[in-house]
Structure formats: structure tokens, C-alpha cells
Amino acid sequence: MSLLVAVQGWNPETWIERFRRLAPDLDVIDARIPFDAAAVTHAAVWKPKPGLLGGLPNLRVIFNLGAGVDALLADPTLPDVPLARIVDPDLTARMTEWVVMNVLMHHRRVPAHAAAQRARVWGDLDQPAAKDVRVGIMGLGVLGRDAASALTRLGFRVSGWSRSPRDVPGIVTHAGEAGLATFLAETDILVALLPLTADTRGILGRNLFDRLAKPTHMGGAVLINAGRGGLQVEADILAALADGRLAAASLDVFETEPLPATSPFWDHPQVIVTPHCAADSDPEALAGVVIDGIRRDVAGLGLLPETIVDRRTGY
Ligand code: NDP
Ligand code: OXD
């Protein structure tokens with residue numbers, strides 16, 4: 001068996017080294033060096049060059065080294081073989097940390113306190129209890145459910161929204177277009193953990209911001225997006241921040257990445273920017289997931305169901 005490693009935007013060396021260490025019996029091939037395409041049986045990829053995977057005649061499985069597969073599915077030549085994505089407690093815990101940190105930053109008014117500190121003002125800001133703050137999570141998948149559970153434990157009133165109806169302990173759930181208006185009207189802090197698909201592209205725009213709760217203890221509602229930049233309409237976010245429909249935003253993902261130096265988000269006083277690092281894929285933690293997947297495939301066990309990407313829905 002041969003594993004082709006094609007990683008762009010991250011350091012491929014650390015993945016290759018980790019795969020070789022974990023599976024010395026496997027021929028690990030570096031896609032940056034000329035290789036025998038016919039020898040490749042499995043591929044571990046992050047944003048591989050379009051067309052690369054289509055040129056592998058004996059490919060059995062593609063392992064996407066992150067949770068989101070939008071970049072991969074955008075390649076029209078992607079071969080029709082099983083496609084797995086990362087589902088792992090390490091990645092999930094990182095995302096939950098980022099979400100909880102940002103919800104608390106806004107709930108506890110950290111940007112406002114930081115501005116007051118710089119102005120040497122001993123301020124007094126309205127500070128409700130977590131139980132009086134409504135956090136709405138768009139996307140009740142692996143990441144959304146874990147973030148919901150952590151926020152519930154902190155005492156927030158959590159609700160969630162998904163494509164199909166979901167039962168998630170401790171939270172109120174809504175589904176589909178029919179459930180969206182109620183979900184938004186009861187949300188003070190909106191957390192987007194959706195995949196980017198034909199249905200979700202541009203969903204975080206004017207029409208959605210109009211329907212969020214108002215007013216809140218922070219002024220308007222707060223938007224937190226760690227899903228994908230393509231979910232958001234950045235001109236609409238800026239307009240909503242300017243007229244108070246949004247009080248603030250935490251954005252980890254952007255329409256264009258890296259975020260261009262000219263973007264108004266960089267120095268926007270109401271916006272917290274992080275550089276698509278909400279949940280990094282750590283080779284040390286995640287290479288083993290791929291190796292297990294290869295072993296399962298070779299043994300005829302199939303991939304773990306929760307990792308399998310459904311190409312019809314796009315996630
Ligand atoms: P999952 O596939 O487990 O869950 C996706 C959720 O989104 C599901 O609840 C699904 O609904 C819901 N959903 C999909 N389409 C729609 C729709 N049209 N309307 C309503 N709900 C919808 O994904 P994960 O939780 O593992 O990951 C979510 C995303 O997070 C990834 O796709 C990726 O883009 C992003 N991500 C970002 C990272 C970062 O560092 N910023 C790191 C890792 C992931 P249903 O339950 O009905 O299927
Ligand atoms: C992912 C990401 O999808 O890092 O895992 O964005």
C-alpha cells in the first residue's frame with residue numbers, strides 16, 4: 001500500500017514524518033517529488049492541486065486532513081472513491097476552546113473593557129448572568145454539538161440549528177428554513193459552525209442579521225464564525241456593525257484568505273480577527289486517524305461512518 005501526502009498551505013514535512021513513524025510498513029510518498037501515480041492506493045490531502053487525485057488510477061480512499069471538504073469538492077476532476085474527513089477529539093476540543101473563548105470575550109465585554117483600560121476609565125458595563133444570554137449555534141455536527149455542550153455547562157441558554165432535525169441533550173434545536181426565523185429571533189450570540197456548501201454560501205448576510213435578537217446587553221447581536229469565509233457576506237457584516245444590528249464579531253475565516261492587508265476587519269474596533277486557526281489539524285494527533293482508516297480499508301471493514309463525506313450534500 002502507498003500513501004500519497006499532498007498538503008498545501010500547511011507544512012507537509014511534519015505529516016510525512018509522522019506517517020512514516022506510525023506506519024513503517026507503508027510506502028509514504030511526498031507529492032512534491034515525482035512519483036509513480038499507479039502505485040498510489042491512498043491519499044492524505046489538504047487543498048491538493050486540482051487534477052492531482054484524478055490522475056491516480058489505483059486510488060482507493062481519499063483522507064481529507066481537516067474537517068471541511070469544500071476545497072476538495074471544488075475540484076471537478078475529483079475521482080469517485082470514498083472520501084473521509086477528520087473527526088477526532090483533538091480537533092473538536094480545539095474548536096470548542098476557540099468558540100467558548102470568543103463567546104466569553106463578548107459576554108464579559110472584553111473588547112469594551114480593553115478600550116476602557118487604554119483610556120484609563122474605571123468603567124461600569126451591564127453584565128448579565130450567562131443564564132440570561134442566548135447562544136445560537138448554526139451547525140449541530142461534531143463541532144457544533146461539542147461547543148453546545150461546553151457552553152451549556154457554563155450556564156448559557158444554548159440553541160442550535162441544523163439541516164435535518166437533531167436531538168441534542170440540554171439544548172433547544174431547530175431545523176431547516178422553517179426553523180431559522182425562530183432560532184435567529186432567540187439568539188444574542190450567533191456561532192457559525194456550518195460547512196460551506198451550495199446551500200450555506202453567503203448565509204451570514206443582511207437578511208440573516210435583520211432577524212437576530214435585538215437589543216442585547218452588548219447592544220446588538222454578536223456574530224462568531226469559524227465555519228468558512230464563504231458563509232459570510234463581508235460587506236453586509238460591516239454594514240450591520242455600522243448600524244448596530246451587530247454589536248461585534250469574531251471571525252476566524254474570511255472570503256479571501258489570507259485576509260488582505262487592505263481589509264477593514266484588521267483594525268475594526270468591534271471585530272476580533274484570528275487567522276483561520278480556530279482548530280488546527282495537528283499531525284501528531286491526527287495522522288493516526290488516517291493510518292487507522294487505511295488499516296480498516298485494507299481489512300475490508302470500511303471507513304468509520306461519521307468520517308464519510310456525502311458528496312450529494314457537500315459535507
Ligand atoms: P459536520 O459535518 O459534523 O456538521 C455539519 C453541521 O452543519 C450539521 O449539523 C449539518 O446538519 C449542518 N448543516 C449543513 N448544511 C446545512 C444547511 N444547509 N442548513 C442547516 N444546517 C446545515 O461538520 P463539523 O461539525 O465537523 O465541521 C463544521 C465545519 O467547521 C467544517 O465543515 C469546516 O468548514 C469548519 N471547520 C473550521 C475550522 C477552523 O479552524 N476554522 C476547523 C475545523 C472545521 P445535519 O445535522 O442535518 O446534517
Ligand atoms: C478544517 C479547517 O476544515 O482547518 O479542518 O479549516
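In this chain, numbering begins with 1 at the start of the sequence shown. All ligand and atom numbering here is 1-based and tracks the order in the structure. Side chains are part of it too, since the values below use all heavy atoms of this structure and drop only hydrogens, waters and symmetry mates.
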Peer 1: Could you check whether atom CG of Asp167 has more than 12 heavy atoms from other residues, nucleotides or ligands sitting under 6.0 Å from it?
Peer 2: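 No, the 6.0 Å shell around CG holds no more than 12 heavy atoms from other groups.
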
Peer 1: Is the CG atom of Asp126 crowded by more than 12 outside heavy atoms at less than 6.0 Å?
Peer 2: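 Enclosed.
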
Peer 1: What atoms of ligand 2 come within less than 4.0 Å of a heavy atom belonging to Gly66?
Peer 2: 1 (C), 5 (O)

Peer 1: Is the shortest heavy-atom distance from the side chain of Ile237 to the side chain of Phe265 under 4.5 Å?
Peer 2: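 SC-SC contact between Ile237 and Phe265 confirmed.
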
Peer 1: For atom 5 (O) of ligand 2, what is the closest protein heavy atom, and at what distance to 0.1 Å?
Peer 2: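 Result: Ala67 N, 2.7 Å.
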
Peer 1: Answer yes or no for Arg85: is there a heavy-atom contact with ligand 2 below 4.0 Å?
Peer 2: no

Peer 1: Side-chain contact, heavy-atom cut-off 4.5 Å: Gln117 with His113?
Peer 2: no

Peer 1: With a 6.0 Å cut-off (strictly less than), is the heavy-atom count around CZ of Arg20, excluding the residue itself, greater than 12?
Peer 2: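 Atom CZ in Arg20 is crowded, with more than 12 foreign heavy atoms closer than 6.0 Å.
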
Peer 1: What are the atoms of ligand 2, with element, lying closer than 4.0 Å to any heavy atom of Ala279?
Peer 2: 4 (O)

Peer 1: Would Asp282 and Arg94 satisfy salt bridge (charged side-chain N to carboxylate O under 4.0 Å, His left out), going step by step from the backbone distance to the final call?
Peer 2: CA-CA 10 Å; Asp282 175 13; Arg94 287 166 192 256; 3.4 Å; yes

Peer 1: In terms of atom number and element, which parts of ligand 2 are under 4.0 angstrom from non-hydrogen atoms of Arg228?
Peer 2: 1 (C), 2 (C), 3 (O), 6 (O)

Peer 1: Does CZ in Arg108 sit with more than 12 non-hydrogen atoms of other residues, nucleotides or ligands closer than 6.0 Å?
Peer 2: no

Peer 1: Could you go through the side-chain contact (heavy atoms from CB on, under 4.5 Å) check for Thr274 and Ser250 one step at a time?
Peer 2: CA-CA 8 Å; Thr274 52; Ser250 286; over 6 Å; no

Peer 1: Near ligand 1, which residues have a heavy atom under 4.0 Å away from one of its atoms?
Peer 2: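 Around ligand 1, where the cutoff is 4.0 Å for heavy atoms, the contacting residues are Ala67, Gly68, Arg85, Met95, Gly139, Leu140, Gly141, Val142, Leu143, Trp161, Ser162, Arg163, Ser164, Arg166, Leu193, Leu194, Pro195, Asp199, Thr200, Ala226, Gly227, Arg228, Asp252, Val253, His276, Ala278, Ala279, Tyr315.
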
Peer 1: May I ask you to identify the nearest protein heavy atom to atom 2 (C) of ligand 2, giving residue, atom name and distance to one decimal place in Å?
Peer 2: His276 NE2, 3.6 Å

Peer 1: Crowded around Arg201 CZ? As in, over 12 foreign heavy atoms under 6.0 Å?
Peer 2: no

